[in-house]
Amino acid sequence: MNHDAEDGPAETTAKRSRRLPLLTLITYGLAQAGLLFWWVAYHPGLFSPDSLSYIWQSTTGNWNTHHPISYTALVWLSLQLTGGLAALTLAQTVAMAAGLAYAVTGLRRLGGPAWLWSAAAVTVVALPPVGTFVMAVWKDVPFVICHVFLLGTLARLVARRRDGEESPFPRPLLLALAVELTLICLFRQNGFVIVAIMVVLCALLLRGAAARMIVAGVVAASVALLTNWLLLPALGVRDSDSIVALEAFFSDISVAYAADPAAFPPADTAVMATVAPLSLWRESANCHSVDTTVYDPAFDRRAAAAHKGELLAVWWDAARRSPGTIIDARICRGSIAWRPTSTGGVSRNPTPWGMRVYVARDTAFQQSPFRDAVYAGPLSDRARRLADQLTGHTNEPEWLLWRGANWAYLTYLIVGVVAWRRREPALLALATVAVAGQLSVLVFNNVQAARYMAAPFVLGVLLLPLLAVARRPADPVGSATPSEPAAAEEPAVAVGSDPGQARLEERG
């Protein structure tokens, strides 16, 4: 685990490869130890209203598409095999530690001190916003873990191009990329947008790899779409009112109606009134969140599903009348993706003491035979107290500890500087994961939840050691360097012959 400068330019690829398994093991062990602290402190896990929905769906036969079935199935599996969710949250810590080790090993191939890369991974899991996040029973956790693995794969692709490998995009990396992109699509509804943006950018930056990048993206999208369109209906999974993806449009209508009620014709207001009182449409308008409108008790979600086509027509009318209002609402709602500071509040990770009210008033959840799986049972009271103290001191400064947008900007700065000074545009591919995540949230977002930008946060911290990478990559073994030009070849001289005579014969 030495610095590149200590290795010298004569370090071979084989020598570096022998060191990487040690870096992998050390990073995994340290990251796993850090995550186990959070698991012991917040056993069996941290729960949110979404967590209750996963449990209710999977244990009462009410499987639906409100949340990704992939994660709901993991919740079901943990409950069926162990009777609780501690196994699931433990598996999340193992997967995150493995992802960090995989990413660090790939990034180390680009240069920099190995110990610094490992330290970055340990720092990530030591941060309470990340440690508590991994302990949450949320679909967002495996979604972010997939991003960590994806960063490791991209780092390997960039390194292979730099090293002049005979096969810069081998089949194992193609398979890994396809699996990572597929899981991103399956664990988040807007995963398709992330995959599309990242694949296009990487195809432009990694010359010669465009075809395989596109193949991986097409495979991911195809598997996810076939799962949603064919497999899930065949298994009896029903649509969740079919309006989850439309909630932002309904919130747009609310914002536009509050801004100028008189602009809405009677036909449009009649449609709106079939779903909720017009007073609700006007008074619940909030560009930072859709929840104040679409989750108000007076908003009839079933009626919204039945009249979704008509409501979309209302939205289109409003967009044509005042496009600026709709665009402003979208930019405001996506502010968690781009604003350095917040004006609408940030929904942070769940707390072990914050679920009692939700559990008590969720009558549907009480029908689940596994309702007792939601509890706070730390394995160590001392660890719990320490974890509470750490989390209690990390609500501020918000711009540093909860704004993933700022870490995305830092990622662009770091990767851009290193790519410029090394004259390696391919390094910019490392930033495409953050770009795709940031743009996807900006376009499709419902509420100011920090977890939506958790991936740029984790990747931003993990990429900090990139600044320690040497100005230029080490030259391949046996190649000439600018400071040591290759000597001109001398004619071969037979052993025992007179060099002077040999030169004369050569001239003759």
Side-chain angles (χ1 to χ4, degrees), residues 1-28 30-31 99-124 148-170 173 176 202 205-209 407 410-434 458-484:
M1 299 175 66
N2 296 327
H3 195 286
D4 286 345
E6 297 173 357
D7 295 331
E11 183 188 26
T12 64
T13 302
K15 185 178 179 181
R16 291 197 301 269
S17 298
R18 287 195 297 271
R19 293 178 178 178
L20 292 177
L22 179 60
L23 174 63
T24 303
L25 292 175
I26 291 176
T27 303
Y28 172 78
L30 293 175
L100 290 170
Y102 177 75
V104 162
T105 306
L107 291 166
R108 172 63 180 91
R109 296 172 186 264
L110 301 174
W115 68 266
L116 194 55
W117 287 113
S118 187
V122 175
T123 301
V124 166
V148 176
F149 274 99
L150 180 58
L151 178 65
T153 298
L154 291 178
R156 284 164 170 78
L157 291 174
V158 174
R160 292 181 70 89
R161 290 176 57 82
R162 184 206 64 183
D163 294 340
E165 297 279 354
E166 182 178 352
S167 176
F169 203 147
L173 288 183
C202 284
L205 292 168
L206 300 176
R207 290 177 298 175
W407 285 94
L410 184 60
T411 294
Y412 307 150
L413 178 62
I414 292 173
V415 174
V417 167
V418 176
W420 175 78
R421 73 183 187 185
R422 288 172 64 104
R423 305 300 189 268
E424 286 188 73
L427 280 168
L428 296 176
L430 300 177
T432 60
V433 185
V458 173
L459 301 184
V461 177
L462 201 57
L463 284 169
L464 286 175
L466 196 64
L467 288 173
V469 172
R471 182 172 294 275
R472 288 184 180 275
D475 295 299
V477 177
S479 65
T481 63
S483 59
E484 298 178 356

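Values reported hereafter were calculated over all heavy atoms of this structure, with side chains retained and with hydrogens, waters and symmetry mates removed.
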S.K.: Determine whether Leu107 and Leu151 make a side-chain contact, defined as any pair of heavy atoms from C-beta on separated by less than 4.5 Å.
M.R.: yes

S.K.: Check the pair Val124 / Val148 against side-chain contact (heavy atoms from CB on, under 4.5 Å), numbers first and verdict last.
M.R.: CA-CA 11 Å; Val124 166; Val148 176; over 6 Å; no

S.K.: Considering only heavy atoms from C-beta outward, does the side chain of Val458 approach that of Trp407 to under 4.5 Å?
M.R.: no

S.K.: Judged by atom type as modelled, is there a donor-acceptor pair below 3.5 Å linking the side chain of Thr432 to the main-chain atoms of Ala429?
M.R.: yes

S.K.: Does NZ or CZ of Arg423 fall inside the cone over Trp420's six-membered ring, less than 6.0 Å from its centre and within 45° of the axis?
M.R.: yes

S.K.: Which pair of non-hydrogen atoms, one from Arg160 and one from Ser167, has the smallest distance, and what is that distance?
M.R.: NH2-O, 2.6 Å

S.K.: Just how far is it from atom OH of Tyr28 to atom CG of Leu23, taken to the nearest 0.5 Å?
M.R.: 15.0 Å

S.K.: Closest heavy-atom contact between Leu205 and Pro425?
M.R.: CD2-O, 3.9 Å

S.K.: Mind listing the closest non-hydrogen atom pair of Val415 and Leu427 along with its distance?
M.R.: CG1-O, 3.2 Å

S.K.: What do the steps show when you test Ile26 against Trp115 for side-chain contact (heavy atoms from CB on, under 4.5 Å), and what is the final call?
M.R.: CA-CA 9 Å; Ile26 291 176; Trp115 68 266; over 6 Å; no

S.K.: Give the C-alpha distance, both sets of side-chain angles, the deciding distance and a yes or no for side-chain contact (heavy atoms from CB on, under 4.5 Å) between Leu464 and Leu410.
M.R.: CA-CA 9 Å; Leu464 286 175; Leu410 184 60; 3.7 Å; yes

S.K.: Mind checking the CG-CG spacing from Leu430 to Leu150? Nearest 0.5 Å is all I need.
M.R.: 10.0 Å

S.K.: Do the side chain of Arg109 and the main chain of Ala155 share a donor and acceptor less than 3.5 angstrom apart?
M.R.: no

S.K.: Taking all atoms of both residues into account, what is the closest heavy-atom pair of Ala103 and Leu462, and its distance?
M.R.: CB-CD2, 3.9 Å

S.K.: Look only at the side chain of Arg161 and the backbone of Arg207, and say whether a donor-acceptor pair between them is shorter than 3.5 Å.
M.R.: yes

S.K.: Work out which heavy atom in Cys202 is nearest to a heavy atom in Leu154; give both atom names and the distance.
M.R.: SG-CD2, 3.9 Å

S.K.: At their closest point, which heavy atom of Val158 faces which heavy atom of Leu110, and how far apart are they?
M.R.: CG1-CD2, 3.8 Å

S.K.: Between the main-chain N or O of Leu466 and the side-chain N or O of Trp117, is there a donor-acceptor pair closer than 3.5 Å?
M.R.: no

S.K.: Considering only heavy atoms from C-beta outward, does the side chain of Thr27 approach that of Thr105 to under 4.5 Å?
M.R.: no

